[in-house]
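Step one of this worksheet: look at the structure below.
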Amino acid sequence: VTAAAASARATVTLLTDFSTPDGYAGEIKGAILTGAPAAQIIDISHDMPPHDVDLARLTLARYWRRFPPGTVHLAVVDPGVGSARLALAVESDGRFLVGPDNGVLSPALLVPGAVAVTLPVPPHAAPTFHGRDVFAPAAAALASGASLESLGEPAPEPVIRRTPEPRRLESGALEGEVIAVDRFGNAVTNLMTAHGGSVLVEGWTLPVLVTYSDRAPGEPLALVGSSGLIEIAVSEGDAARRLGLQRGSRVVLEPA
Amino acid sequence: VTAAAASARATVTLLTDFSTPDGYAGEIKGAILTGAPAAQIIDISHDMPPHDVDLARLTLARYWRRFPPGTVHLAVVDPGVGSARLALAVESDGRFLVGPDNGVLSPALLVPGAVAVTLPVPPHAAPTFHGRDVFAPAAAALASGASLESLGEPAPEPVIRRTPEPRRLESGALEGEVIAVDRFGNAVTNLMTAHGGSVLVEGWTLPVLVTYSDRAPGEPLALVGSSGLIEIAVSEGDAARRLGLQRGSRVVLEPA
Amino acid sequence: VTAAAASARATVTLLTDFSTPDGYAGEIKGAILTGAPAAQIIDISHDMPPHDVDLARLTLARYWRRFPPGTVHLAVVDPGVGSARLALAVESDGRFLVGPDNGVLSPALLVPGAVAVTLPVPPHAAPTFHGRDVFAPAAAALASGASLESLGEPAPEPVIRRTPEPRRLESGALEGEVIAVDRFGNAVTNLMTAHGGSVLVEGWTLPVLVTYSDRAPGEPLALVGSSGLIEIAVSEGDAARRLGLQRGSRVVLEPA
């Protein structure tokens, strides 16, 4: 891996579960700008559900490659802060990522050619706030043009967390599940299709259509969402509430 | 209309109802910076009530002309995504605006000299996420100096949504309504006054004063708010809760 | 005090209790960029509890010195807007701060060498929105290189609000209190220790440990938090809920 060229004005994105009123996210931003005064800081979210590493991983998967090469993505959803879990910096597909070694960075680690290093924890670091004292300085260094290799030793075996794989049933159908519910009540599954078909969920059989308005208002449908995964939706409505869906709800895809 | 000069470092603002944890707003930001690496992205809000086009329109009215000429405002509150509704880019009073053709951009469209074009939807665009695949690239192009005319064909008749007009009563008083309730519980009406008077609402008769502290703590009052409209407030309190006000509540202005 | 050198691209941070959907924070951002087009705007929070000056003060204390010298911090939690309270700009330890004279800026005012001036309120300023019409223009002027002294007359006696001091008991122990509860349920106190000891709170006796994972999941502990103050926490849990803690809860530190 060659170090990506330092951009003149690097972008650093932030994903945390800190919310904003306590000022922790503000402290991280100050630490980034102290180390990289020319960086542009972009908020992804500070309102992730507390300690929900899997949802943060799915959210990160959505956005990290939408940013230009050279972008530094900081993701701090870190229930194990202060424990023996390692701290990571990753270079993958031309982007950099920094965060705890708890699986939140898996989407980037799983890309062929990804390289990870372990960040040392300086003695002055607050044991409960690596976001400010370990991750932010590393992100600032990367945003200032430091190479990944200069930040630490190779990380031999970073923690990987994966979205569960669908299971092939004897009937030929695929059994999957709801992996996330968005703020509109759309239920994202781990199922994909290129050929339509229909979806069985909570006693409903739903056609795989193209968009919400292919169905009358209030009626449920399935569609291929903007990340390529099948979603359960209700036209102008809330599918999770209407159909009683939550993370883990069973969903079956019947081929067309 | 002459194309506004491209600023060296354009600002792109974002107003959505996506909230942040799902990562949709993050994807839009990545798409903007991919197309306009030097842009500064400014969050207005991602916490608009879902699908509430009218409230988004009122919020946009507050801020769009407070930004310098050349600013690009992206507003994605888009219940009709994927339907036949058009996609718009607008140039008005030196600013640019991008969003769905559902009335959310009305405050800019109603300014004399405003010009609107229809954005083509590229074949690869996700039918459920024009924010990322249609609006963000158009905003990035404008932020990079593209002219409005280069983005699409003139839009013959953009959708306009208007704040309801007050009605003149036989008594000479003006009958209006609450159009928004802010987070402090202040109820903004569609009424204006340059000469004081008093306001009748939910059985109360309130003087039109200058500021909250013109009334004792806990007491209701009316005042001319920071956007020039009459508001119902409670000094150090929540007027909507205290007086039982909501959008649509009837309010009458008696002349002084 | 010498005026800090104007940075080529100043940072302006924002702390408010406006939330974002109403557009007030957006208006402030527009006013800042109108006056200082090259500034980078950084959101600290817009979700402060309404009118909670003391919590805003504690949050400001966390982040204001984490940013590089030359940064301008705008803090608008302003229950007295429109009353006779003064408007302030402050220079302290190389940073600038702007906000109402209600104690929210105390962390910077208490630093030796701090200088404060009173901002004039222009006649066109909306009486209910000094954030937009008084504070934002002052922040923009400072971000553009104006000296503090050019903005107004010296402020003779700015309002100071202080975190309550712990009280020494006859036993030699220190009696303090919970001053904030963060979003994870950690209860921050006004107590400090360099030598361990134990904490008595709501009938529990808790050792002062180093980090959450020094205790089994679900078990309460005390630790020195990232701002140097003792916090009550529950490993992988919510201490405020588990122990029934809130602001003002009594906490006693027994020496080691």
Side-chain angles (χ1 to χ4, degrees), chain B residues 7-11 13-17 20 40-49 52 55-71 73 77 95 180-186 188 209-215 217 223-228 231 233 235-238, chain C residues 8-9 11-12 14 16-53 76-85 100 121 123-134 136-137 140:
Chain B
S7 103
R9 177 165 159 271
T11 295
T13 80
L14 267 179
L15 182 76
T16 81
D17 60 354
T20 58
Q40 175 171 207
I41 295 179
I42 298 284
D43 290 304
I44 302 295
S45 183
H46 301 289
D47 294 323
M48 302 308 293
D52 191 338
L55 192 62
R57 173 179 63 80
L58 289 171
T59 295
L60 182 85
R62 280 198 160 270
Y63 69 81
W64 76 280
R65 277 206 269 201
R66 299 274 170 197
F67 283 80
T71 299
H73 297 296
V77 175
R95 285 81 176 173
V181 173
D182 76 15
R183 85 106 36 141
F184 300 98
N186 300 312
V188 182
L209 302 174
V210 174
T211 188
Y212 310 123
S213 55
D214 290 341
R215 199 80 165 148
L223 53 78
V224 178
S226 61
S227 62
E231 298 180 16
S235 181
E236 299 180 26
D238 182 312
Chain C
R9 178 166 158 272
T11 295
V12 180
L14 266 179
T16 81
D17 60 354
F18 294 155
S19 79
T20 59
D22 301 312
Y24 304 137
E27 288 187 86
I28 287 181
K29 293 177 185 187
I32 293 169
L33 289 176
T34 295
Q40 175 171 207
I41 295 179
I42 297 283
D43 290 304
I44 302 295
S45 183
H46 301 290
D47 295 323
M48 301 309 291
H51 297 172
D52 191 337
V53 174
V76 193
V77 175
D78 192 12
V81 64
S83 71
R85 72 103 187 85
V121 176
H124 70 265
T128 57
F129 199 4
H130 287 183
R132 180 189 72 193
D133 296 338
V134 178

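In the text below, chain A, chain B and the rest are named by the order of the sequence lines, each starting its count at 1.
Judged purely by atom type and a 3.5 angstrom limit, B:Q40 uses its side chain to pair as donor or acceptor with the backbone of C:A39. Formation of a donor-acceptor pair under 3.5 Å by the C:D22 side chain with backbone atoms of B:R183 is found in this model. No donor-acceptor pair closer than 3.5 Å links the side chain of C:K29 to the backbone N or O of B:R66. Judged purely by atom type and a 3.5 angstrom limit, C:T128 has no side-chain atom pairing as donor or acceptor with the backbone of B:G225.
Contact of the C:F18 side chain with the B:D182 side chain is not registered, since no non-hydrogen atoms from C-beta on lie closer than 4.5 Å. C:L33 has its side chain out of reach of B:T71: every pair of non-hydrogen atoms, C-beta onward, lies at least 4.5 Å apart.
Residue contact with chain B, scored on non-hydrogen atoms closer than 4.5 Å, involves the backbone of C:A31 exclusively. Neither the backbone nor the side chain of B:L60 comes within contact range of chain C, judged by heavy atoms closer than 4.5 Å. At a 4.5 Å heavy-atom cutoff, the contact between B:I44 and chain C is made by backbone and side-chain atoms alike. Contact of B:S226 with chain C is made through backbone and side chain together, with heavy-atom distances under 4.5 Å.
The heavy-atom pair separating C:S83 from B:S213 by the smallest distance is CA-OG, 3.4 Å. Looking at every heavy atom in both residues, C:G30 comes nearest to B:F67 through N-CZ, 3.4 Å.
Going from atom OH of C:Y24 over to atom OG of B:S45 covers 13.0 Å, rounded to the nearest 0.5 Å. Between the CG atom in B:D47 and the CG atom in C:D47 there is a gap of 7.0 Å [rounded to 0.5 Å]. Distance check: B:T13 OG1 to C:I41 CD1 gives 11.0 Å after rounding to the nearest 0.5 Å.
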